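Reviewing the structure listed below.
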Number of protein chains: 2
Amino acid sequence: MTASQAKVMDCEDEGVGHGCMDDELGFHLRRSQVAAFKHFAQTVTVAEGITPGLYGMLQVIANTPGLTQSALAEAMDVDRSSIVKVVNQLVEKGHIVRDAVPADKRSYHLRMTASGKSALRRIEDAVMRQDRDFSAALSDAERTTLISLLKRLYR
Amino acid sequence: MTASQAKVMDCEDEGVGHGCMDDELGFHLRRSQVAAFKHFAQTVTVAEGITPGLYGMLQVIANTPGLTQSALAEAMDVDRSSIVKVVNQLVEKGHIVRDAVPADKRSYHLRMTASGKSALRRIEDAVMRQDRDFSAALSDAERTTLISLLKRLYR
DNA sequence: GAGAGATTGTTTACCAGGGCAACAACTTTT
DNA sequence: AAAAGTTGTTGCCCTGGTAAACAATCTCTC
């Protein structure tokens with residue numbers, strides 16, 4: 001135990017004062033998200049090599065037939081140029097392919113491969129287990145409440 | 001309206017399918033946090049030049065006398081080396097100073113300057129307004145519930 | 001005390017993720 | 001046919017984080 005640790009041990013939480021931030025939703029949102037990300041990294045990412053962002057894209061691609069890169073960018077709320085690298089990663093992993101579109105030679109339709117589909121099923125299981133594990137401190141009802149409150153924040 | 005947009009318009013949300021992700025807490029946590037960050041950037045950051053991370057550090061420094069950089073790193077859950085740049089920024093802005101510690105010549109005590117304190121009061125107001133504005137879709141009771149649920153996630 | 005071992009702040013290199021601007025190829029509109 | 005818009009892509013930049021190395025300093029152990 002160092003001197004600095006002892007000095008802050010007499011407060012709540014990690015021992016440091018947070019001031020008025022305890023009333024701020026954004027603060028707790030950020031901390032929760034960081035914790036969720038680390039939990040995800042220690043389970044799904046280490047096992048399947050998939051980050052939360054990649055997983056989200058895989059789900060959107062799997063559930064939206066005829067999705068183009070621009071539409072994916074809009075759905076993910078990021079720039080078109082950011083999509084290129086991610087799609088390249090998923091293609092390299094063999095999860096998806098770029099299908100040429102006869103009607104529009106500029107764009108591609110993103111489509112899951114067979115191995116991508118089975119990989120997604122496997123990853124889904126891991127993610128669901130991870131998510132339940134991460135929210136183990138909450139009852140099912142509390143978890144449902146939390147999700148519905150969060151949804152209303154970003155819509 | 002492009003063809004791709006029309007193609008996905010027949011689903012819920014932004015029109016893209018999310019698969020089983022609607023049941024995943026981490027997914028909604030991430031989306032909410034991204035939305036909160038963007039809201040913060042468009043208000044506080046543009047007005048005061050302070051990011052959510054910098055604001056959090058300022059609060060911890062203001063509320064923890066005798067805080068060293070290592071203790072701050074531990075409190076923020078980041079590497080010591082990441083702290084250096086951030087502290088430099090806050091020093092350059094004149095918000096804080098590094099106080100030499102006679103008892104330990106290796107470390108510094110981070111302390112708010114007078115102008116830093118008044119700046120923090122101003123920023124606090126802006127952050128609180130921003131936070132209320134961001135969570136305007138929720139009632140006060142719902143907001144309180146949400147915060148207490150989030151707290152239980154990362155502890 | 002002397003020396004081995006931690007700790008602190010710092011620098012350097014590195015990587016992930018995203019924004020912005022430019023661009024060629026292509027489509028749509030005028 | 002020509003102008004204007006869209007799509008995917010590349011290059012460069014910024015932010016923010018990790019990891020390793022290092023000098024200075026403190027602490028523990030013998």
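Convention: sequence-line order gives letters A, B, ...; per-chain numbering from 1. The shown structure was predicted, so the numbers you read here are calculated from the model rather than taken from an experiment.
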Take atom [atom1] of [X] and atom [atom2] of [N], then tell me their distance rounded to the nearest Å.
| X | N | atom1 | atom2 | answer |
| --- | --- | --- | --- | --- |
| B:Asp79 | C:dC14 | CG | P | 17 Å |
| B:Asp104 | D:dC28 | CG | P | 12 Å |
| B:Glu74 | C:dG9 | CD | C1' | 16 Å |

Notebook entry, point to check: Would you say D:dT15 has OP1 or OP2 under 4.0 Å from some side-chain N or O of B:Thr51?
Noted result: no

Notebook entry, point to check: So, is B:Gln69 close to the C:dT7 phosphate, meaning a side-chain N or O under 4.0 Å from OP1 or OP2?
Noted result: no

Between the base of [N] and the side chain of [X], is one N or O donor paired with an acceptor at under 3.5 angstrom?
| X | N | result |
| --- | --- | --- |
| A:Arg106 | C:dT27 | no |
| A:Lys85 | C:dG18 | yes |
| B:Ser81 | D:dA19 | yes |

Check: According to the interplanar angle, ranging from 0 to 90°, do the rings of A:Tyr154 and B:His28 count as parallel (below 30°), tilted (30 to 60°) or perpendicular (above 60°)?
Finding: parallel

Notebook entry, point to check: Contact class for B:Ser82 (heavy atom, under 4.0 Å): base, sugar-phosphate, or nothing?
Noted result: base

Margin query: What's A:Val78 touching, base or sugar-phosphate or nothing? Going by heavy atoms closer than 4.0 Å.
Written below: sugar-phosphate

Check: Quick one: which of D:dG8, C:dG9, D:dT25 gets closest to the side chain of B:Lys105?
Finding: D:dT25

Notebook entry, point to check: A:Gln89 side chain: which of D:dT7, C:dT27, C:dG17 is closest?
Noted result: C:dG17

Notebook entry, point to check: Taking C-beta and beyond as the side chain, do A:Arg98 and A:His109 meet within less than 4.5 Å on heavy atoms?
Noted result: no

Next item on the list: Compare all side-chain heavy atoms of B:Lys38 with those of A:Asp77 and state whether any distance is below 4.5 angstrom.
Entry: yes

